[in-house]
Amino acid sequence: MSDLHTELKKSIIEQLNLEDMEVSEIDNDEPLFGDGLGLDSIDALELIVLLEKDYGIKLSDPQQGKEVFNSINTMADFIEKNRTR
Amino acid sequence: MSRIYINGIASISPQSEDIFETEPLKEYQDNIIPALNQDYKSMINPMLLRRMSAAVKMGLFSSKKALLDAKIDIPDSILVGTGQGCLKDTENFMVSMLNSEEGLLRPTSFIQSTHNTVGGQIALDLKCTGYNMTYTQNSASFESALLDSILQFKSETEIQNVLVGGVDETSPAFTGFQKLDGQLKQEPVRNTDLLASKTSGSIFSETSSFFILGSEESENSYAELVDVEIINSTEVQNIGKRTEQFLQTNNLSSSDIDVVILGNNGDSRYDSYYHELREKLFAGKVQLAFKHLVGENNSVSAYAFWLASKIMKEKRIPDFIKLNDLNCKEPRKILIYNQYLGKNHGLILLKNLDL
């Protein structure tokens, strides 16, 4: 697991107040929404802010969010390719 | 209008709910007192709980406990009184604005920061689509919600059960600011010494007290809610007269009141209102206080309502809330009087079920 994957998991746990969750409990390919981690639409807004604040990435197309926020793996891939900081 | 019965009660505060039975009085050194933590996960979905500030958690938890107490699943109306609303999320949001220089803001604290978040979250959790209203009227917030509950029962619609309560939380910076304008005491005062304090200001706390009011008496009923009045402004010398007028509208006089619960908060500038009633109108009556237990906040009169309900049902008055040596074995009528900074005076009248 890369440092970025771990960093992302830590940020998600902290930003979304997933108090009882450990980094090791989130699988890299586990869906973040729905049956996986169970995140919802307010969490999606938090993730958009997280991308912009921590990595300088602005998501302009809402459809893009569905693919990007599918799992930790898809988020990490997207960040690697588009980060400005 | 049918009579209004208090059929379920629940309270979260710096004191245990078992305070009448087993728990010793909890003492605090700080002037800002948190509510006792609860097993929130036993009643609230953890995925929802993670976003809830103290006010929302306390409000929802005590609402569900009051419903359980009354054996009611869904009320017809939800009425919440909160003077300062979701203070913690408001503070989080504003700190975030400052830190980001009005740039990127996290949405959750903004969404959750409105005063009606508590009432909204209760409705969402209970799937209650009935009338839902939040009252923010300074220290008369709970009384305003209670007044609306009486109007609900007076209305032509078939209202059987109303969930009504008061909730307020503290936050580190915003509550602390109240020291700057003298609302918080400048020196540390132990809560149990509050009523003897001779300085200005008070101590602040978090409380949430919710009730199920019903049009029918049940085997669990505590007492009957008779009437509520809010007086926005009055002078010390007129408070006795205004209280008498309130009692007269209910065909009563001060001699009919067995117990008066007063909101003395140790603020030397404004406790004179309570002294006026103690020394004149209710001189020979059992006088009780409650803010040395739970401190001050804008909806803390809901805690007094909770105390009054318990006293009525259990027919017992613990010594630690007494302001004088008198006793009353079976209170028939209890009057609650509260004010804050000499404004927003609230009068709430309860009577026991046998009358």
Side-chain angles (χ1 to χ4, degrees), chain A residues 7-27 30-66 68-72 75 78-79 82-85, chain B residues 34-35 37-61 86-114 116-125 127 169 171-172:
Chain A
E7 182 182 292
L8 262 180
K9 289 177 187 178
K10 281 182 183 166
S11 297
I12 287 173
I13 288 170
E14 191 192 322
Q15 299 288 324
L16 307 185
N17 296 322
L18 301 170
E19 288 164 357
D20 296 334
M21 195 156 270
E22 301 287 337
V23 167
S24 58
E25 292 175 71
I26 305 176
D27 291 335
E30 180 182 5
L32 296 178
F33 293 83
D35 291 338
L37 211 54
L39 303 185
D40 59 23
S41 57
I42 297 175
D43 296 316
L45 289 172
E46 290 281 2
L47 293 179
I48 290 169
V49 173
L50 186 149
L51 277 187
E52 191 166 347
K53 210 169 175 179
D54 294 353
Y55 305 103
I57 303 170
K58 240 180 191 170
L59 269 189
S60 48
D61 178 9
Q63 288 304 316
Q64 206 180 5
K66 274 189 178 174
V68 175
F69 298 136
N70 186 47
S71 66
I72 294 292
M75 272 187 86
F78 183 76
I79 290 167
N82 297 284
R83 66 190 302 171
T84 59
R85 65 173 75 128
Chain B
N37 199 22
Q38 310 291 316
D39 182 15
Y40 290 112
K41 285 178 186 164
S42 65
M43 285 199 184
I44 305 172
N45 178 345
M47 283 303 273
L48 300 175
L49 193 58
R50 68 195 165 101
R51 288 200 192 107
M52 294 180 180
S53 69
V56 182
K57 277 193 285 196
M58 293 193 304
L60 180 54
F61 192 80
C86 295
L87 204 61
K88 278 191 177 104
D89 275 318
T90 306
E91 182 174 322
N92 286 343
F93 177 66
M94 294 190 77
V95 167
S96 165
M97 272 177 89
L98 282 171
N99 291 343
S100 67
E101 295 180 339
E102 299 184 23
L104 274 176
L105 299 172
R106 293 181 52 201
T108 305
S109 53
F110 173 66
I111 294 167
Q112 302 276 81
S113 67
T114 58
N116 58 3
T117 302
V118 181
Q121 289 290 333
I122 294 170
L124 281 170
D125 188 282
K127 296 182 174 56
E169 66 180 6
S171 72

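Note that these values count all heavy atoms, side chains included, but never hydrogens, waters or copies made by symmetry.
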_Tell me whether A:Glu46 is salt-bridged to B:Arg106, with the criterion being a basic N under 4.0 Å from an acidic carboxylate O._
yes
Can you tell whether the side chains of B:Arg51 and A:Asp43 come within less than 4.0 Å, N to carboxylate O?
yes
Q) Do the rings of B:Phe110 and B:Phe93 sit parallel, tilted or perpendicular, given the 30° and 60° boundaries? A) tilted
CG of B:Leu60 to OG1 of B:Thr117, rounded to nearest 0.5 Å, is 12.5 Å
When rounded to the nearest 0.5 Å, the distance separating CG of B:Asp89 from OG of B:Ser96 is 11.0 Å
Bottom line for B:Leu105: the part with an atom under 4.5 Å from chain A's heavy atoms is backbone
Structural part of [X] lying under 4.5 Å from a heavy atom of chain B:
{"X": "A:Asp20", "answer": "side chain"}
{"X": "A:Leu37", "answer": "backbone"}
{"X": "A:Ile48", "answer": "neither"}

Counting heavy-atom pairs under 4.5 Å with chain A, the top scorer among B:Ile111, B:Thr108, B:Leu104 is B:Leu104
Ranked by heavy-atom pairs below 4.5 Å to chain B, first place among A:Val49, A:Leu45, A:Ile42 goes to A:Ile42
